[in-house]
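The sequence lines fix the lettering, A, B, ..., with proteins before strands; numbering per chain opens at 1. Side chains included, hydrogens not; waters and symmetry mates left out as well; all remaining heavy atoms used.
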Amino acid sequence: MTDSSNQKFLIVRREDFSDVTFLLEISHPMMARAAKPGQFVIVMSHAEGERIPLTIADFDRERGTITLVIQAVGKTTLEMQRNCQVGTALYGLAGPMGIPSHLSDAKKVVCVGGGLGVAPVYPQARAWKESGAYVIGVLGFRNKDLLFWEDKFRAICDELIICTDDGSAGIRGFVTDGIKLALEKHPDIEEVVAIGPPVMMKACAEATRPSGVKTMVSLNPIMVDGTGMCGGCRVKVGETVKFACVDGPDFDGHQVDFDDLMIRLRRYKEEEQVAKERWSETCRMRGIGSEAVSVN
Amino acid sequence: MAKKRTVRSIPQERTPVRELDPVVRAANFEEVNCGYTEPEAILESTRCLFCPEPKCIDGCPVNIDIPGFILKIGEKDFRGAYDVITGTNLLPAVCGRVCPQENQCEGVCVVGETLIPVAIGRLERFVGDLAIKNSWVNRPYIEPTKFRIGIVGSGPAGMACAADMAKAGCDVTVYEAFHEPGGVLRYGIPDFRLPNSIVDAEIEKLEELGVKFECNTLVGRLFTIEQMISELGFHAVFIGTGAGYPTMLGIPGDSLNGVLSANELLTRCNLMKARDFPNVDTPLPLGKHVVVVGAGNTAMDALRVSKRLGAKTVTCIYRRSKAEAPARAEEVHHAEQEGIDFHWLSNPVEIIDDGEGSVCAVRCVRMELGEPDDSGRRRPVPVPGSEFEIETDQVVFAIGTNANPIIGQTSKLRLNKRGYIATDDDLMTSMAGVFAGGDIVTGAATVIEAMGAGRKAARGIKAYLGIRDTGPIERDEAIFGISSREHNFVRVRAA
Ligand SMILES: Cc1cc2nc3c(=O)[nH]c(=O)nc-3n(C[C@H](O)[C@H](O)[C@H](O)COP(=O)(O)OP(=O)(O)OC[C@H]3O[C@@H](n4cnc5c(N)ncnc54)[C@H](O)[C@@H]3O)c2cc1C
Ligand SMILES: Cc1cc2nc3c(=O)[nH]c(=O)nc-3n(C[C@H](O)[C@H](O)[C@H](O)COP(=O)(O)OP(=O)(O)OC[C@H]3O[C@@H](n4cnc5c(N)ncnc54)[C@H](O)[C@@H]3O)c2cc1C
Ligand code: SF4
Ligand code: FES
C-alpha cells in the first residue's frame, strides 16, 4: 500500500497549557514557508484516525515548523493528548488550507480569542502588528488555570484585555465585555477579528453590529477532506452557501448564520459520544487513566 | 478462425457472468460481479465477428484494438491480449469494471444490431484481473532523460500521464491532497464495484515504473503551480485535480442535518472506512429511510452504499425517466435487484425540518417530459398539483459537481467560464509547460476519458520537451535471456 510512509510529520516540541489544552510543534519546512495567518491543516494522527481540522497557531520559517494548539474535547483530540509525544510522528498532515486572512490596512484593530480561539488569532494579531496597526488583544478563558500565551500576546499587542468567567484573572466577564470596553475607549476601531466557539463568535458579531464595525470570524464547521470535495463544511453566509474549507474559513460575522452552524455541529453528537466512551474504556482497561476525559 | 463467423454462427446468448445473490450482497461490500472464468472468457470471445472495419474501436474513447485482444483471448494467449490492451489502456481491470460500455464499444458493436453485443467490458476485465493475479507488467526499456515531471492529482488522469512520462524516462512525482492515492477510484467508487485491492495493484505498477507518490500535498496551497516550475525544478506539470466540488440543490431545507452530498457519504464510507465505525474514528451518517437525488453513477453508488449500511428503505428520485438516467445500465439494474425504490420523473422541492434541525421528509413534485433541451434530452417540467411527500431521515444529493476552486484561486492559469481549466488542443494551459486534463478540464466525465486525457497530455508534454518516441523494439527471440516482451513498447530518447 502506498501511503505517507515516506513522509514524516515529526513532533519536535510539546507544551501542556492545562489539563485540556496542549501545543504541538511539528516539523514541516515546506508548510512553514507557505503558511499564512488564518489557515489551517487537516491532521490524521493514525491510519484509522479521523481527519480533523486544526488552525495553524504559529509558524517558524527558520526552524521549519508549524505549531498547533489543541483542546482535548473528544476521541481524536484526547487520544492525541495521550499519544502525541515529542519524537513521534503524525500519520497525515495536509495544508495549509483555506484562504489566508485578509490583512486589511486598518489602523486600529481588536483581535479576540476565546478558549481554543486564542491560539489561532495570534498569527493575525502579529501580522497586523508587523504592518504597523494599533492592536488591542481581547482574550477570554473560563478561569485563570486555562490561561496561556499571555506573554506572547503582550509582546505584540498595544493593549491586552484578559477576561475570565470567574474573575480569577483580568476582568470578570466574557470577551464581549472586553470588546465593549475597547470600543468605548477607542471610537476609531476599524476592524474586529473574533475566533472561538460559535456561541462566542455570534455574541461578538452582535456586540459590534450596532456600531457597524467590520467583524471577521473564523468558522469551524465539521470537515472531512478540507479540499472542497465533500460539502460537509457548508455554511450560510448572507444569502449564499459557502464551503468553509475553500471559500473561508474567514467570513463577515455580520452575515453568518450562526444558528445554522451550531445545529450542524451537533450532527454527530451520538457517534462522538460513542467514540469517546470507547476511548475512555480502552484507557481504563489498559490502566493508563484518562484524567482529561472527566474535565470536559 | 477456420471459417468466417457470422451473426448466425456465433453463440446467440451472451455468456452470463456469475454475480452475488442480490439479497446476500445488499448486506456486504463484496464485489457484485464475479468476472468471467477462463472457459467463459474463451466462449464469449467466439462471439466476436472480427469485423474488417470494427466499429467498437471507434466507439472506444481511447480506441483500444478490441478485436485484436479478443482474438488473443480465443487463442488462449492471455498475455498477448494484455499487451494489446495496454498498448492504449493502462487500467484494464479498472475500465473493464467501470466504463459505460453500453454507450461506447458495446453500444456500436455490430453483433448488437441483432443480438446482445459482445461483452467487451467483461473480457477486458478478465484480462486485467489475470494480469494483476500474475503480476504482469510491461516494463519497457526506459532510457532515462534529465526531465522532471510533476503531476497534480492521483486520479485516472494523473495516473495515466504519470505512467507515460515514466516510460519516457522522466523522473515523475505525483502529488495528492488526500492521504491515499487513486482519486475517485479510491474515495468515490465503492468496493462492491471496484475493490480497493485493484486500485492498489494499479498504483503499485506505477511505482514499479519509478513513479513517486507524495500524499498529503495540497498543491496550490503548499506550493503553487508557478513554484513547481520556477522553484521545485519541474520541467513540465500536469494538472488532473478532478471536478469534485459538489452541488447542492438550493431548495429550502438543504442545510438541515441529515442532508449531505454523495461525495461526503462515499468519502466517509470508502476513504475513511467509516462503515467500520467505531473501530475507525470517522463517523458515518446512518439513515433508516434514505432518499438519494440523482441517477448518475454517483447516485447509484450512494443508493447501494446506503442499502449495505442497513437502511430499511432506499429511494431514488430523478427528474427524468429511466431512459435518460446517466448511470451505467448495469448499475441501475443491480440497484433494482437490490431492492432500491425508483421514483422516476419526480423532483424534490423542499426538505422538511423535524423541528430540531434534522430532516424528516422531502416534498417532491411529479414531472413530465416536454420539449428537447440543449442536451437533446426532453426537458422535464413539473406537473402542477402533483406534490407528494416521502418520509426520510437522510437525503443525499448526487446531482453533479463543479470545478474545484483551489488551483484557480492560487495560480494565474486561465479558466473557462464555468471555472474549469482552459487548454489548447494539446491540453497545454495558458502557462507554458503546464498541461491539464480529466474532469478539471471537461467537467465530470468518465474514467476512460480522464485516462485518455492524461495520455494525450503526456504526448503534448513529450512534444513540448522534445522527447521522441522511437517505437517498440520488434524482435522475436530473446536477447541476453530477456524476452522482447519484457523490453516492450515505448522506447524513447530525448531528441
Ligand atoms: C477550521 C477549523 C479550525 C480549528 N482549529 C482548532 C484548533 O486550532 N484547536 C482545536 O483544539 N480545535 C480546532 N478546531 C476544532 C477541532 O477540529 C475539533 O475540536 C476536533 O475535530 C474534535 O475532534 P474529536 O474527535 O476530538 O472530538 P469529537 O468527539 O469529534 O467532538 C467533540 C466536540 O467537538 C465538536 N466538534 C467536532 N468536530 C468539530 C469541528 N470540526 N470543529 C469544531 N468543533 C467540532 C463537536 O460538536 C463536539 O461538541 C478547528 C475546527 C475547524 C473547522
Ligand atoms: C461516486 C462516483 C462514481 C463514478 N462512477 C464511474 C463509473 O462507473 N464509470 C466511469 O467511467 N466514471 C465514473 N465516475 C467518474 C470518474 O470517476 C471521473 O470522471 C474520473 O475519476 C476523473 O478522473 P480525474 O483523474 O480527472 O480526477 P479524480 O479521479 O477526481 O482525481 C483527482 C485527484 O486530485 C486530487 N486533488 C484535487 N485537488 C488537488 C490539489 N490541489 N492538490 C493535490 N491533489 C489534488 C483529488 O484529491 C483526487 O484524488 C464516477 C465518479 C464518482 C464521483
Ligand atoms: S464490433 Fe463487435 S463483433 Fe465487430 S470487432 Fe468489435 S467486438 Fe467484434
Ligand atoms: S471539508 Fe469537505 S468540502 Fe470542506
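Contacts with chain A were tallied for B:A262, B:P246, B:A201; B:P246 has the most, counting heavy-atom pairs under 4.5 Å. Counting heavy-atom pairs under 4.5 Å between each of A:K36, A:M30, A:H46, A:Q39 and chain B puts A:M30 at the top. The choice from B:N402, B:N257, B:N404 that makes the most heavy-atom pairs within less than 4.5 Å of chain A is B:N257.
Heavy-atom distances place both the backbone and the side chain of B:S255 under 4.5 Å from chain A. If you measure heavy-atom distances from B:L266 to chain A, you find no contacts under 4.5 Å at all. In this structure, chain A has no heavy atom under 4.5 Å from any part of B:E176. With a 4.5 angstrom heavy-atom cutoff, A:L261 does not touch chain B via any of its atoms. With a 4.5 angstrom heavy-atom cutoff, B:F397 does not touch chain A via any of its atoms. Residue contact with chain A, scored on non-hydrogen atoms closer than 4.5 Å, is absent for B:V199. Proximity to chain B is limited to the side chain of A:V224, based on heavy atoms less than 4.5 angstrom apart. Looking at A:I99, both its backbone and its side chain come within 4.5 Å of chain B, counting heavy atoms on both sides. Both the backbone and the side chain of A:I263 come within contact range of chain B, with heavy atoms under 4.5 Å apart. The contact between B:P405 and chain A is made entirely by side chain atoms (from C-beta outward), counting heavy-atom distances below 4.5 Å. Contacts of A:K236 with chain B are made by side-chain atoms alone, with heavy-atom separations under 4.5 Å and no backbone atom involved. For a residue to count as touching a neighbouring chain, one of its non-hydrogen atoms must lie under 4.5 Å from one of that chain's; by this rule A:M31 touches chain B with backbone and side chain alike. For B:L232, the part lying under 4.5 angstrom from a heavy atom of chain A is the side chain only.
The distance from the CE atom of A:M229 to the CD1 atom of B:I406 is 10.5 Å, given to the nearest 0.5 Å. Rounding to the nearest 0.5 Å gives a distance of 11.5 Å between CZ of A:R51 and CZ of B:R268. Atoms CZ and CD, on A:R33 and B:E231 in that order, are 5.0 Å from each other to the nearest 0.5 Å. A distance of 10.0 Å separates CE of A:M97 from CZ of B:R221, quoted to the nearest 0.5 Å. The structure places CD of B:Q409 at 7.0 Å from CG of A:D247, a figure rounded to the nearest 0.5 Å.
For the residue pair A:C230 and B:S261, the shortest heavy atom distance occurs at O-OG, 2.5 Å. In terms of heavy-atom proximity, B:A177 sits nearest to A:A94 at O-CB, 4.0 Å. When all heavy atoms are compared, the tightest approach of A:A34 to B:L222 is CB-O, 3.3 Å.
A distance-only check finds no donor-acceptor pair linking the side chain of B:N263 to the backbone of A:G231 [under 3.5 Å].
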Stepwise, does the side-chain contact (heavy atoms from CB on, under 4.5 Å) test hold for A:D225 with B:Y187? CA-CA 11 Å; A:D225 55 304; B:Y187 76 71; over 6 Å; no
